[in-house]
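Here, residue 1 is the first one in the sequence, and each next residue gets the next number.
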Amino acid sequence: MRLIEVENYQEMSEKVCQLMINRITDLTKPVLGLATGSTPERLYQLLVEVNQKDVVSFQDVTTFNLDEYIGLEATDPNSYRYYMNDKLFNHIDIPDEQTHIPNGRADDSEQECARYEALIQQVGGIDIQLLGLGLNGHIGFNEPGTSFKQKTHVVELEESTRKANARFFESIDDVPTHAITMGINTIMQSKEIMLMVSGEKKAGALDRLLNGEVTEEFPASILNEHDHVTIVADKAALLTSSKTK
Ligand code: F6R
């Protein structure tokens with residue numbers, strides 16, 4: 001694993017933006033795996049800026065998001081489809097049909113998982129998967145205890161994850177209880193993974209990822225077994241890890 005330490009959130013976002021521009025430019029038909037949440041928000045603003053300045057084009061880019069809540073319409077401001085359209089897709093030159101997010105309103109969620117997984121295979125897999133880190137070590141919505149062998153699947157969200165995400169909803173009761181997520185196996189098949197970690201509250205999780213054992217009880221720990229992972233983390237997130245080194 002390559003660890004890049006940066007000063008702060010802004011620098012983390014700039015660094016990942018630069019890495020992504022390089023890859024998008026190098027590949028003929030780049031396939032990106034994307035995440036939602038607070039961590040990549042600034043990155044997406046920067047990608048919009050560079051696209052609008054013609055530094056990079058997304059016309060040949062295909063994207064697959066990690067996850068989506070079950071039960072929310074694409075027009076619901078809390079759905080991940082809404083988030084991605086609002087923060088990135090609506091402002092860049094990517095054709096709509098090249099952006100993929102699991103359909104949280106599908107009649108049959110299991111079938112939707114299989115369709116999504118097959119679609120990823122059809123385009124030849126993900127070139128660069130962007131990840132954020134959950135406080136409990138989740139990646140995508142793969143909660144502690146999820147088998148490393150899982151492909152795209154339906155999950156019941158942990159109370160702690162629903163609480164962490166409740167800030168976006170009117171109340172915790174409005175946070176969906178289930179989601180569709182790429183599985184750990186899907187994520188691990190990506191050719192390259194970029195993990196963004198920022199802020200003191202992530203320090204414990206990052207420390208466990210860097211210094212702890214590989215266990216299904218801490219899903220992100222599997223990244224230690226991937227050949228091409230870059231972690232871009234700021235000083236605050238690395239506080240605990242540097243103390244133990
Ligand atoms: C988002 C996702 C999650 C987040 C994680 C960190 O699509 O799959 O795993 O990356 O919960 O969230 P933030 O960035 O809000 O701290």
Side-chain angles (χ1 to χ4, degrees), residues 1-24 32-50 65-67 80 83 87-88 126-144 146 148 158 160-161 164-165 167-168 181-182 184 186-188 190-245:
M1 270 194 309
R2 182 160 74 118
L3 175 63
I4 301 178
E5 181 175 345
V6 293
E7 262 325 294
N8 51 36
Y9 179 70
Q10 172 67 16
E11 266 192 26
M12 174 194 71
S13 311
E14 285 170 6
K15 183 73 203 171
V16 176
C17 182
Q18 194 51 57
L19 291 171
M20 291 193 81
I21 293 172
N22 296 348
R23 300 295 190 284
I24 293 170
L32 306 181
L34 298 177
T36 57
S38 305
T39 311
E41 280 192 17
R42 181 69 189 133
L43 166 69
Y44 293 152
Q45 284 174 352
L46 294 172
L47 288 174
V48 169
E49 279 173 32
V50 290
N65 264 76
L66 281 167
D67 41 18
Y80 287 169
Y83 170 111
K87 302 212 182 308
L88 187 65
I126 291 168
D127 292 307
I128 308 152
Q129 177 65 57
L130 196 69
L131 295 177
L133 180 61
L135 293 174
N136 60 4
H138 72 225
I139 46 177
F141 271 134
N142 294 285
E143 301 283 21
T146 311
F148 286 155
E158 273 202 3
S160 65
T161 299
N165 290 358
R167 64 189 191 278
F168 300 113
T181 183
M182 279 186 203
I184 298 283
T186 323
I187 294 171
M188 287 295 281
S190 314
K191 291 161 198 132
E192 179 177 359
I193 294 175
M194 285 184 205
L195 175 72
M196 305 172 79
V197 198
S198 168
E200 207 178 329
K201 71 173 196 272
K202 296 287 173 75
L206 182 56
D207 183 33
R208 187 163 174 192
L209 165 62
L210 294 173
N211 300 310
E213 55 167 350
V214 176
T215 164
E216 288 179 349
E217 289 316 308
F218 193 76
S221 62
I222 190 70
L223 298 178
N224 286 288
E225 296 191 352
H226 193 284
D227 288 339
H228 201 171
V229 175
T230 304
I231 301 177
V232 184
D234 65 12
K235 284 211 159 110
L238 280 162
L239 210 63
T240 322
S241 313
S242 45
K243 266 186 215 147
T244 56
K245 267 181 204 156

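- The two atoms that bring Tyr9 and Glu41 nearest to each other are OH-N, 3.6 Å, heavy atoms only.
- Using cut-offs of 30° and 60° for the angle between ring planes, the Tyr80 and Phe141 rings count as parallel.
- Side chains of Asp67 and Thr36 form a contact here, defined as non-hydrogen atoms less than 4.5 Å apart.
- Side chain of Glu11 to main chain of Val6: no donor-acceptor pair is present (N/O by atom type, distance under 3.5 Å, no hydrogens or angles).
- Counting only heavy atoms from C-beta outward, the side chains of Leu19 and Val232 approach each other to under 4.5 Å.
- Looking only at distances, no side-chain donor or acceptor of Ser198 sits under 3.5 Å from a matching main-chain atom of Asp234.
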Handout entry: Stepwise side-chain contact (heavy atoms from CB on, under 4.5 Å) check, Thr181 with Thr146
Key = CA-CA 11 Å; Thr181 183; Thr146 311; over 6 Å; no
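- Shown are Lys15, Met196, Arg2; of these, the side-chain contact (heavy atoms from CB on, under 4.5 Å) with Thr230 is made only by Arg2.
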Problem - Trace of the side-chain contact (heavy atoms from CB on, under 4.5 Å) decision for Met1 with Leu195 - result: CA-CA 10 Å; Met1 270 194 309; Leu195 175 72; over 6 Å; no
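- Within the model, atoms CG of Asn136 and OG1 of Thr161 stand 4.5 Å from one another, a figure rounded to the nearest 0.5 Å.
- Test Val197, Leu238, Thr240 against Lys202 for side-chain contact (heavy atoms from CB on, under 4.5 Å) and you get one pass: Val197.
- Of the inter-residue distances, the one linking Ile231 atom CD1 with Leu206 atom CG reads 6.0 Å to the nearest 0.5 angstrom.
- Heavy atoms from other residues, nucleotides or ligands lying under 6.0 Å from CD of Glu200 number 12 at most.
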Problem - Verdict with supporting geometry, Glu14 and Gln10, side chain to side chain donor-acceptor pair (under 3.5 Å) - result: CA-CA 6 Å; Glu14 285 170 6; Gln10 172 67 16; 2.5 Å; yes
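- What you find for Pro40 and Ala35 is that their closest heavy atoms are CG-O, 3.6 Å.
- Distance CE/Met188 to CD/Glu225: 6.0 Å, rounded to 0.5 Å.
- Glu158 and Ser160 share a donor-acceptor pair across their side chains, judged by distance under 3.5 Å alone.
- In this structure, Asn142 contributes its side chain and Met182 its backbone to a donor-acceptor pair below 3.5 Å.
- Proximity of a side-chain donor or acceptor of His226 to a complementary backbone N or O of Ser190 within less than 3.5 Å is detected.
- In terms of heavy-atom proximity, Ala205 sits nearest to Gly134 at CB-O, 3.8 Å.
- A donor-acceptor pair is defined here as one N or O able to donate and one able to accept, closer than 3.5 Å; such a pair exists between the side chain of Tyr83 and the backbone of Gly37.
- In this structure, the separation between CD on Glu7 and CE on Met12 is 13.5 Å, given to the nearest 0.5 Å.
- Side-chain N or O atoms of Asn224 include none that pairs as donor or acceptor with a backbone N or O of Leu210 at under 3.5 Å.
- The CZ atom of Arg42 lies 10.5 Å from the CG atom of Leu47; values are rounded to the nearest 0.5 Å.
- Contact record, Phe168 with Ser38: CZ-OG, 3.9 Å, taken as the closest heavy-atom pair.
- Ile139 and Pro219 get closest at one heavy-atom pair: CD1-O, 4.2 Å.
- The minimum heavy-atom distance linking Ser221 with Leu209 is given by the pair CA-CD1, 3.9 Å.
- When each of Leu130, Ile128, Thr39 is tested with Val16 by the rule side-chain contact (heavy atoms from CB on, under 4.5 Å), just one qualifies, namely Leu130.
- We find the CE-CD distance between Met194 and Gln129 to be 11.0 Å, quoted to the nearest 0.5 Å.
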